[in-house]
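Read the structure below first, then the notes.
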Number of protein chains: 2
Amino acid sequence: MGHSRRDKQTTHERIVRVAAKRFRERGLEGIGVADVMKEAGVTVGGFYKHFGSRDELVVEALATAFKDLDVWEEHTADMAQLLQNYLTEAHRDAPGTGCAMGALLGDMTRGSKSARALYTARVKRSLAFSSALLSSSQRGDKRGRALLFLSALLGAINLSRAVSDPNLSREILHGVRDELIGLVKPGSHMG
Amino acid sequence: MGHSRRDKQTTHERIVRVAAKRFRERGLEGIGVADVMKEAGVTVGGFYKHFGSRDELVVEALATAFKDLDVWEEHTADMAQLLQNYLTEAHRDAPGTGCAMGALLGDMTRGSKSARALYTARVKRSLAFSSALLSSSQRGDKRGRALLFLSALLGAINLSRAVSDPNLSREILHGVRDELIGLVKPGSHMG
DNA sequence: ATTATCTATAGATCTATAGATAATGC
DNA sequence: ATTATCTATAGATCTATAGATAATGC
């Protein structure tokens with residue numbers, strides 16, 4: 001266990017990365033600071049030398065988790081591709097590395113002021129991104145369509161994780177995906 | 001404080017009704033058994049004469065909260081009316097008496113087996129109901145459309161509660177509502 | 001000397017249980 | 001006698017802090 005300033009920084013990053021993963025998997029109250037520290041390879045006593053409060057960890061972990069979304073968006077060329085990647089069983093089963101907006105949607109209703117502010121800013125970025133993706137295929141109200149697409153994506157990934165019937169879960173993912181693709185490519189018919 | 005068997009039954013119902021409201025408002029972990037009992041006008045010690053475990057209260061409260069949805073559906077004549085009632089600021093601001101599928105969507109991902117089973121059954125009912133409402137206006141894949149509408153409704157009400165910007169929150173509700181109405185009534189144009 | 005991390009623990013929860021109290025119901 | 005509810009508390013969390021230990025860095 002190192003004791004240099006550089007070591008402290010890497011420890012800090014390790015703590016935040018563990019939290020960013022576990023919060024997405026288990027919710028913002030789903031893991032305590034002691035277990036996060038333990039998984040990062042340190043003990044609980046040092047926590048408040050790294051963060052002023054538990055909520056500061058939440059905010060930093062949220063910011064880190066949102067960076068995964070930035071990377072995801074950079075590699076997304078069109079709306080069909082986004083839908084094909086987002087509404088999958090692989091994404092549903094890996095919330096820890098998946099979309100933090102989806103994984104923490106329910107928690108945000110009761111989140112701290114600073115956590116909700118960060119979440120809100122990320123929602124605005126995603127709406128702008130969706131709008132841009134829709135501009136090629138969409139004539140009319142791009143903003144409205146972006147709001148619908150984001151709501152449907154977040155709703156479907158959460159619903160697919162909530163239901164205990166595997167067939168229904170799969171049907172939700174694929175059904176919503178196909179419907180939204182149908183809205184982007186009005187020419188194609190399915191089913 | 002009564003001590004008869006009839007009194008016990010009304011006490012039991014009072015406990016469950018308090019829980020059904022508070023769980024929707026604060027999440028399934030958002031209130032403890034002691035506070036639920038207190039709000040129902042009794043003390044914590046009697047809890048386990050009413051329920052075998054905390055999770056049994058969760059399941060009963062969930063069933064009670066879902067009855068509100070049954071009543072709501074009975075009074076809903078068409079999809080446009082459903083959208084007009086569901087995606088409102090009044091509903092967003094009153095989760096305790098609103099749609100339990102929406103209020104507890106995020107919690108269900110990590111809920112108990114029995115709670116998720118109950119939730120899953122309710123989702124299936126809602127999908128059947130939405131399908132029936134869509135049958136008049138929809139030609140093709142009613143099931144797919146029902147999956148999209150349910151996902152969009154749950155996503156939008158959660159997102160409107162999650163963001164801290166009031167203007168964005170309102171925009172989500174109204175934007176998604178108008179888009180979905182546009183899908184039900186393809187003839188009408190807006191914006 | 002400073003500081004990154006450690007061990008240990010205070011104080012505030014929360015679920016669940018034990019045993020007392022005061023009614024009901026045979 | 002039975003039972004619905006009460007007071008009190010055990011035991012398991014969890015956040016936050018105090019003080020010790022063992023490195024770094026001037």
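Reminder, nothing fancy here: chain letters follow the sequence lines and each chain counts from 1.
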Item to check | B/D165 versus A/T120, side-chain donor and acceptor atoms under 3.5 Å | outcome: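 A/T120 vs B/D165: no donor-acceptor pair found between side chains.
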Checklist entry - Would you say the side-chain atoms of A/D7 and A/T10 include a donor-acceptor pair closer than 3.5 Å? => result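 Short answer, no.
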Checklist entry - Once the angle between the rings of B/W72 and B/H91 is folded into 0 to 90°, is it parallel (under 30°), tilted (30 to 60°) or perpendicular (over 60°)? => result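 If you compare the ring of B/W72 with that of B/H91, the planes turn out perpendicular.
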Checklist entry - Parallel under 30°, tilted from 30 to 60°, perpendicular over 60°: which one fits the rings of B/H50 and B/H12? => result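 Geometry flag for B/H12 against B/H50: tilted rings.
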Item to check | Pair assignment for C/dT9, Watson-Crick or G-U wobble, requiring both distances under 3.5 Å | outcome: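 Result: D/dA16.
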Checklist entry - Is there a Watson-Crick or G-U wobble partner for D/dA22 with both distances under 3.5 Å, and if so, which one is it? => result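 With both distances under 3.5 Å, D/dA22 matches C/dT3.
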Nearest to the [X] side chain among [options], which nucleotide is it?
| X | options | result |
| --- | --- | --- |
| A/K8 | C/dT7, D/dA16, C/dA4 | C/dA4 |
| A/R54 | C/dT15, D/dC6, D/dA16 | D/dA16 |
| A/K49 | D/dT15, D/dA16, C/dT5 | C/dT5 |
| B/V42 | D/dT24, D/dC6, D/dT17 | D/dC6 |

Take the protein atom [atom1] of [X] and the nucleotide atom [atom2] of [N], then report the distance between them rounded to whole Å.
| X | N | atom1 | atom2 | value |
| --- | --- | --- | --- | --- |
| A/M37 | D/dA16 | CE | P | 13 Å |
| B/D7 | C/dA22 | CG | P | 17 Å |
| B/F47 | D/dT9 | CZ | C1' | 18 Å |
| B/H3 | C/dA22 | NE2 | P | 9 Å |

Next on the checklist: So, OP1 or OP2 of D/dA16: does either fall under 4.0 Å of a side-chain N or O from A/Y48?
Outcome noted: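 It does, given that an N or O in the side chain of A/Y48 lies less than 4.0 Å from OP1 or OP2 of D/dA16.
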Item to check | Upstream residue (5' side of DNA chain D) when A/R5 and B/S4 are each assigned their closest nucleotide | outcome: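 Per heavy-atom nearest nucleotide, the more 5' residue is B/S4.
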Next on the checklist: Please compare A/V44 and A/H50 by the position of their nearest nucleotide in DNA chain C and report the one closer to 5'.
Outcome noted: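 It is A/H50 whose nearest nucleotide is closer to the 5' end.
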